There are 2 protein chains.
Amino acid sequence: MTTLQQVALRAGCSLATASRALNRNGAVSDLMVRKVRRAAAELGYRPAVPAGGKLGRRPVIGVLIPSITNPVFASSLSSIQNRMLVAGHGVLIAQSDYDPAREADAVASLLNDQPTGLILTVCNPASSAALLPSLPPTVLLNNMPTSLFPAAVTADNHGAGRELTEMLIDLGHRRILFVSGNFAASDRAQHRYEGYRETMAGHGLSPIRAMEIPFVGVYDQLDLSAALTAFSPTAIIASNDLLALGVIGALRREGLSVPGDVSVAGFDGIAIGRLMDPPLTTIEMPDASMGAAAASLLLDMAENAAPARHLSVAHMLRRGGTVRAI
Amino acid sequence: MTTLQQVALRAGCSLATASRALNRNGAVSDLMVRKVRRAAAELGYRPAVPAGGKLGRRPVIGVLIPSITNPVFASSLSSIQNRMLVAGHGVLIAQSDYDPAREADAVASLLNDQPTGLILTVCNPASSAALLPSLPPTVLLNNMPTSLFPAAVTADNHGAGRELTEMLIDLGHRRILFVSGNFAASDRAQHRYEGYRETMAGHGLSPIRAMEIPFVGVYDQLDLSAALTAFSPTAIIASNDLLALGVIGALRREGLSVPGDVSVAGFDGIAIGRLMDPPLTTIEMPDASMGAAAASLLLDMAENAAPARHLSVAHMLRRGGTVRAI
DNA sequence: CTGAAAGCGCTTACAG
DNA sequence: CTGAAAGCGCTTACAG
């Protein structure tokens with residue numbers, strides 16, 4: 001490891017001057033700046049972290065999401081990063097892959113970087129409390145707050161589930177199937193399903209037990225034949241848009257048209273959904289604003305000791321073309 | 001800011017003992033460990049970085065990509081993160097938004113975190129050299145190496161452009177339009193276009209000047225009417241899959257069917273393309289492997305002083321249903 | 001098991 | 001414009 005002292009020696013100046021030359025703060029002659037920079041380059045000097053709480057590395061925050069390749073989380077991650085850039089914080093990432101064990105490891109790794117704070121989207125905020133040995137200020141994103149994690153930014157997934165189901169029932173649908181990702185890995189899917197159940201029951205209809213699909217990234221091999229035979233649904237709600245796209249593909253492989261034979265709707269409002277033909281009917285969640293809100297809340301807590309809050313953001317039904325009246 | 005000294009004071013021990021209690025290294029009585037940990041918790045103590053090059057934060061690397069929400073980059077970022085987790089390195093992210101000015105800022109920010117190394121996907125590796133005041137070990141991802149950045153992991157974009165064009169010509173297409181993202185922001189698009197030009201010319205066909213589309217995230221407002229009138233293309237090559245999806249939507253809005261009236265093909269092989277109906281014809285780039293390869297190369301350079309290398313990975317034509325013979 | 005003290009690599013008044 | 005020196009918060013032999 002090369003030290004500044006060695007650089008100074010090679011440049012023929014003192015430690016102090018070398019420090020000033022490299023950091024461009026104190027007054028140093030141009031000649032000396034050049035000498036020092038050259039010496040530093042030749043020696044491959046990389047500054048170590050000075051003590052004293054001064055300067056050193058930029059503060060960082062840690063972000064845990066299930067998967068970077070899911071557009072929903074990519075979108076919030078992107079806006080978190082933009083917000084943190086302005087605030088002068090670095091952003092470290094970790095992925096759980098929807099696996100509680102990996103989730104705990106991932107958070108532990110983030111902690112090794114001594115982050116100013118954490119933004120977490122966890123599998124289950126209650127059980128994730130096991131992590132808690134003195135976490136820095138933490139904001140949940142997309143998970144409901146708990147007593148241990150009182151700061152959170154969420155959408156009303158329960159209400160969104162009700163709204164979508166209500167719309168389908170209004171359009172005359174009665175046999176509505178709910179296809180979901182793994183509930184254990186997503187309390188969002190759970191809340192959406194709850195909204196569906198409630199609304200079905202409220203209309204005197206019997207909710208169908210959710211069909212749970214293990215997460216596989218992109219659902220290009222989904223097989224719905226058994227469920228179609230068993231329930232003959234006229235509409236299918238998918239617990240997220242990625243899954244909805246997979247459902248549409250699966251229906252087409254069964255020779256069914258969307259929305260001709262079966263209506264399909266999802267949640268999230270991923271951008272790609274607008275490019276499909278017909279465009280996907282979905283409940284749009286403002287992922288980017290949610291990410292930015294979580295980032296701002298975290299900064300407020302970490303820098304101004306602001307109290308933990310729960311922000312709930314509004315969603316919006318986006319009528320595409322994959323749903324029709326019966 | 002709370003210091004270890006204050007914690008020690010409150011716990012009723014010396015600085016040294018407090019340090020040992022918190023780090024669980026030297027021998028400390030259980031009672032004292034408890035006292036110190038409690039004092040630390042009460043004071044909200046967060047360790048500062050000790051000098052001396054010892055311990056401190058986990059080493060980190062920095063990753064710069066144009067945009068996290070682009071599935072291509074999300075995919076490589078994800079695999080970089082997975083590779084680095086195993087190696088015990090944190091991953092910091094930065095986005096350029098395809099803007100050279102923001103790119104420079106973003107790299108400067110990353111440097112503030114004193115990363116062990118950098119993985120960069122830049123707009124233009126030649127002009128980006130302006131960044132170079134003593135960068136740590138750096139690997140380009142998706143950019144061709146230069147003398148200043150000799151380490152790189154790339155696909156053969158030029159060859160991919162040739163291959164796709166060749167296929168369309170084989171299928172009888174003659175008027176082939178190339179629709180591209182902003183060339184200034186992507187040398188990948190440039191190389192793909194070059195492959196197209198060469199192949200067209202090689203077959204005695206006149207390449208059409210590329211239609212450049214400014215980047216807008218998701219292309220749901222693309223207007224191709226002028227180009228369609230001017231060139232009556234029977235096939236359109238898009239410089240990437242996201243754009244290809246936009247092109248297909250635009251054609252449909254013009255009342256044209258794909259591939260009935262116009263064939264469309266893209267590059268990248270994003271997962272969503274497989275879910276479309278018909279599935280997108282594209283040249284698949286192994287983004288995840290490329291990310292992992294870049295990560296491994298960087299670690300090798302940073303930890304073992306391995307020499308810079310250029311790895312070129314193989315692509316693969318994925319025949320979807322958006323192209324047909326004429 | 002505990003503490004006094006040296007030392008880590010760096011920054012920054014202070015003096016020239 | 002430059003240097004000697006104090007000091008940053010922490011770790012770690014060394015001595016008890």
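Throughout, protein chains are lettered first and strands after them, A, B, ... in sequence-line order, and every chain is numbered starting at 1. Quantities reported herein were computed from a predicted structural model and do not represent experimental measurements.
Summarising the geometry, the separation between CZ on A:R34 and C1' on D:dC1 is reported as 15 Å, rounded to the nearest angstrom. Taking atom CG on B:L4 and atom C1' on D:dT11, their separation rounds to 10 Å, with Å as the unit. Summarising the geometry, the separation between CG on A:L9 and P on C:dG9 is reported as 14 Å, rounded to the nearest angstrom. Atom CD of A:Q5 is separated from atom C1' of C:dC10 by 11 Å (rounded to the nearest Å). Between A:L22 atom CG and C:dT12 atom C1' there is a gap of 16 Å when expressed in whole angstrom units.
Partners of B:S19 under the side-chain contact (heavy atoms from CB on, under 4.5 Å) rule, at least two apart in sequence or in another chain, are B:L4, B:N23. Partners of B:D97 under the side-chain contact (heavy atoms from CB on, under 4.5 Å) rule, at least two apart in sequence or in another chain, are B:R102. Under the side-chain contact (heavy atoms from CB on, under 4.5 Å) criterion, B:A21 pairs with B:V28, B:V33, B:V36, not counting sequence neighbours. Under the ring pair (Phe, Tyr, Trp, His ring centres under 6.0 Å) criterion, B:Y98 pairs with B:F215, not counting sequence neighbours.
Annotation: salt bridge (charged side-chain N to carboxylate O under 4.0 Å, His left out) contacts involving residues 64-91 of chain B, sequence neighbours excluded, are absent. Within the structure, the ring pair (Phe, Tyr, Trp, His ring centres under 6.0 Å) test picks out no pair touching residues 5-33 of chain A (sequence neighbours left out). For the salt bridge (charged side-chain N to carboxylate O under 4.0 Å, His left out) condition, the pairs that include at least one residue of residues 7-16 of chain A, sequence neighbours left out, are A:R10-A:E42.
Between C:dC8 and A:T3, no contact under 4.0 Å exists linking OP1 or OP2 to a side-chain N or O. Contact check, A:S19 against C:dT11: a side-chain N or O comes under 4.0 Å of OP1 or OP2. A close approach under 4.0 Å does not occur between any side-chain nitrogen or oxygen of B:S29 and OP1 or OP2 of C:dC1.
Looking at B:D30 and B:K35, no side-chain N of the basic residue comes within less than 4.0 Å of a carboxylate O on the acidic one, giving no salt bridge.
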Could you list the protein-to-nucleotides 3-6 of chain D atom pairs, N/O on both sides, closer than 3.5 Å?
from: D:dG3; atom 1: OP2; to: A:S14; atom 2: N; distance (Å): 3.0
from: D:dG3; atom 1: OP2; to: A:S14; atom 2: OG; distance (Å): 3.2
from: D:dG3; atom 1: OP2; to: A:T17; atom 2: OG1; distance (Å): 2.6
from: D:dG3; atom 1: N7; to: A:R20; atom 2: NH2; distance (Å): 2.5
from: D:dG3; atom 1: O6; to: A:R20; atom 2: NH1; distance (Å): 3.2
from: D:dG3; atom 1: O6; to: A:R20; atom 2: NH2; distance (Å): 3.2

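Here the straight-line distance linking atom CG of B:L118 with atom CZ of B:F149 works out to 8.5 Å at 0.5 Å rounding.
If you take atom C1' in D:dG16 and the same atom in D:dT12, they sit 16 Å apart, rounded to whole Å.
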How does DNA chain C read in dot-bracket, base by base from 5' to 3', with Watson-Crick or G-U pairs under 3.5 Å and | used when the partner is on another strand?
-> |||.||||||||.|||
